[in-house]
There are 2 protein chains.
Amino acid sequence: MGEFDLIDRIRATLSNRGGRVLRGPGDDAAVIRADGLIVASTDAFVEGVHFRLATTSLEDLGHKCLAASLSDLAAMGAEPGEALITLGLPPNIGEREVLELVGGAEQVAAETGVAICGGDIDASDELFVAVTVIGHAETESELVGRDGAKPGDLVGVTGRLGGAGAGLILLERKQHGVPVDVGEALIDRQRRPQPRLDAGRALAGAGVTAMIDVSDGLASDARRLAEESGVLIEIELARLPLDDGVEEVACIAGRQAIELAATAGEDYELLVTASPGNRDRIEQAALAAGVPVSWIGEVRPGAGVSLLGESGGGLELEGWDHFARRTANRHR
Amino acid sequence: MGEFDLIDRIRATLSNRGGRVLRGPGDDAAVIRADGLIVASTDAFVEGVHFRLATTSLEDLGHKCLAASLSDLAAMGAEPGEALITLGLPPNIGEREVLELVGGAEQVAAETGVAICGGDIDASDELFVAVTVIGHAETESELVGRDGAKPGDLVGVTGRLGGAGAGLILLERKQHGVPVDVGEALIDRQRRPQPRLDAGRALAGAGVTAMIDVSDGLASDARRLAEESGVLIEIELARLPLDDGVEEVACIAGRQAIELAATAGEDYELLVTASPGNRDRIEQAALAAGVPVSWIGEVRPGAGVSLLGESGGGLELEGWDHFARRTANRHR
């Protein structure tokens, strides 16, 4: 089957949504109505680096690639709009597999009101998925960057952490002592993350000063926010909100729960900073969008990230950072 | 060196352009001002499929990937705006090579007024480059799709054809009898294509009814335009405008010049349809944008593409199509 037949079959499975796409797949480019500003982000997912086909279905892969990409729009407070998906396909991935993958992405698109409106298909030795997402806003004041954190701000995070990391440990083990439903929830968190799109817009509207999504791990992502804002971010590890079952899985794997929560990444929660006077408003806005915010630290003058242990003593960032880098290729 | 250090070094080499990028690299997503409509397209380029590192420099590769992607905006008649570039990097591609590749793309960006405003870097077994380009327009009437060709329209093409295919043949041969300057021009055409952005906007403004860029080969691209418009496109092969030296290279390679012009692709010229009454206006608009238009055929009721030989007899599309498919992986 040629590339173009396959593209026709993919087109047949996609729905237009959101009312902005005037021309979708089938032309040289998609034509999209914009409200004044667009927000664009691109991410690639490579077999053996970001996922292993041995532990993920093609449908889950499609879900995860689009969900993880949309998480970047959530972190800006943008309204999600459109996605373009490029596939590098090795010979062992046939039409059925491609349609499964696109079907998983289309499910996320349907849940989030996104239109998949273009893409490209190429031969490749290894499977890769490159996703570009486009979000919308009318004015800059609706959006939040990484650069607005100020000394004195509180540091907060949505939802709970460590679940995706614990889920990955379970995926790679045949046997474990975690209750079935708890284990399945963790694995689901790893395989089918949910971008915090409503919470992102609510938090932006409630006046957070900076925001980033937790994709590479809280410690790494906090460091990037600190760099862009020119501040020091101090996080109290004991305050990190842990997902159910993370303690048990960490114990089984001979790791610390707090280590998974701080460095494993892929939870796709939102890390924010906010002035203390805005605390209640932000908590309420997030709750109204379906997710609690936990306050886990403070912004100080300086640079980098301090991870404070339960004793109150500082942990060496170098160590955490090294751990984060060492585990960045954890799907390989 | 970590991914983030490399991203910082890449950021330092990029210039903001066009006045639309309010937030560029360094945040979760780029923020871009839009005038009413955006036009978005994505393409991937994979080592061993679209290029071979043995015959291309990293700088030329960066040039070609961005230029080929921008060609899709040219084919819509859009104003070029921004680009996001994702790199899949094998271990043998280090910092120097990445900066060369980005440097080649940044040169094209500077020539075309485009801002490279985001991207992603990932480990990968093979080198791949995925590019998303964003163009702008105020209203739909400024843009042209593939779907507007009508029976009775003339079929035209900008510039000259076969050069990129001939250049590829020369790249793969150590010795050939073509004069040095002619050979170098052909190789340049293969390695450093120029997107017809000005011509695309001029042709859209002059009222072409449909437009597509010649990336996969005139025969294949004409077929896609015919499909989207629901018409038959008849092309007289003897009228195809050949690049200098294509005859000589075809002869050396035991091929026909017309075969290279009709099927080799990568010339990134624009194929258009237009009502006969609009012929002079379109010729003048293209010339004012720096490129001639040749009239090479006609739109008729029906479906598909007819390639008419010099005798006037029809050539089997199946044969051409098969050739195009067989050569689609010609860089492998």
Side-chain angles (χ1 to χ4, degrees), chain A residues 2-4 22-23 26-46 48-50 72-73 75-76 78 82 84-88 117-120 122-126 128 130 132-135 137 140 143 145-147 211-213 224 228 325 328-329 332, chain B residues 2-4 22-23 26-46 48-50 72-73 75-76 78 82 84-88 117-120 122-126 128 130 132-135 137 140 143 145-147 211-213 224 228 325 328-329 332:
Chain A
E3 179 196 337
F4 305 122
L22 306 178
R23 283 179 182 274
D27 228 303
D28 292 286
V31 179
I32 301 163
R33 264 198 312 110
D35 301 328
L37 295 179
I38 62 158
V39 177
S41 175
T42 188
D43 284 292
F45 307 86
V46 182
V49 179
H50 301 91
D72 283 318
L73 298 185
M76 300 296 293
E82 296 77 30
L84 300 103
I85 300 184
T86 293
L87 303 174
C117 65
D120 189 19
D122 299 284
S124 170
D125 284 342
E126 66 198 340
F128 70 83
T132 297
V133 288
I134 294 172
E140 270 196 278
L143 303 173
R146 296 175 178 173
D147 55 356
M211 184 154 58
I212 189 171
D213 67 320
R224 263 180 283 169
E228 295 294 328
R325 239 182 283 138
N329 287 344
R332 198 183 274 278
Chain B
E3 179 196 337
F4 304 121
L22 306 179
R23 282 179 183 274
D27 228 304
D28 292 286
V31 179
I32 301 164
R33 265 200 310 112
D35 301 327
L37 295 178
I38 63 158
V39 177
S41 176
T42 188
D43 284 292
F45 306 87
V46 182
V49 179
H50 301 91
D72 283 318
L73 298 186
M76 300 296 293
E82 296 77 31
L84 300 103
I85 300 183
T86 292
L87 303 175
C117 64
D120 189 19
D122 299 284
S124 170
D125 284 342
E126 66 198 340
F128 70 82
T132 297
V133 287
I134 295 171
E140 270 196 279
L143 303 173
R146 296 175 177 173
D147 56 355
M211 184 153 59
I212 189 171
D213 68 321
R224 263 179 283 169
E228 294 295 326
R325 241 182 284 139
N329 287 344
R332 200 186 273 277

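- For a residue to count as touching a neighbouring chain, one of its non-hydrogen atoms must lie under 4.5 Å from one of that chain's; by this rule B:Glu140 touches chain A with the side chain only.
- Separation of atoms CG (A:Asp120) and OG (B:Ser41) is listed at 7.5 Å; rounding is to 0.5 Å.
- No other option in A:Thr42, A:Ile38, A:Val39 has as many heavy-atom pairs under 4.5 Å with chain B as A:Ile38.
- Looking at A:Leu143, the atoms closer than 4.5 Å to chain B (heavy atoms on both sides) all sit in the side chain, from C-beta outward.
- By the side-chain contact (heavy atoms from CB on, under 4.5 Å) test, B:Asp213 pairs with A:Asp28, B:Ser71, B:Asp72, B:Ala75, B:Ser215, B:Tyr268, B:Leu270, sequence neighbours left out.
- Taking A:Glu126 as the reference, nothing meets the salt bridge (Lys or Arg N to Asp or Glu O under 4.0 Å) condition, with sequence neighbours excluded.
- Rounded to the nearest 0.5 angstrom, A:Leu84 CG and B:Thr132 OG1 are separated by 6.0 Å.
- Residue with the most contacts toward chain B among A:Leu37, A:Val46, A:Ile32, A:Ile134: A:Ile32 (heavy-atom pairs, distance under 4.5 Å).
- Note on B:Asp147, B:Asp35, B:Leu73, B:Ile85: by heavy-atom pairs under 4.5 Å with chain A, the leading option is B:Asp147.
- Options A:Arg33, A:Met211, A:Glu228 differ in how many heavy-atom pairs under 4.5 Å they form with chain B, and the most are formed by A:Glu228.
- Listed here is the closest heavy atom pair of B:Val49 and A:Ala123: CG2-O, 3.5 Å.
- Closest approach of B:Met76 and A:Arg23 over heavy atoms only: CE-CD, 3.9 Å.
- Among all heavy-atom pairs drawn from B:Ala44 and A:Asp122, the shortest one is CB-OD2, 3.3 Å.
- When A:Gly119, A:Gly135, A:Ala130, A:Gly88 are compared by the number of non-hydrogen pairs under 4.5 Å with chain B, A:Gly119 comes out ahead.
- To the nearest 0.5 angstrom, A:Phe45 atom CZ is 9.5 Å from B:Thr86 atom OG1.
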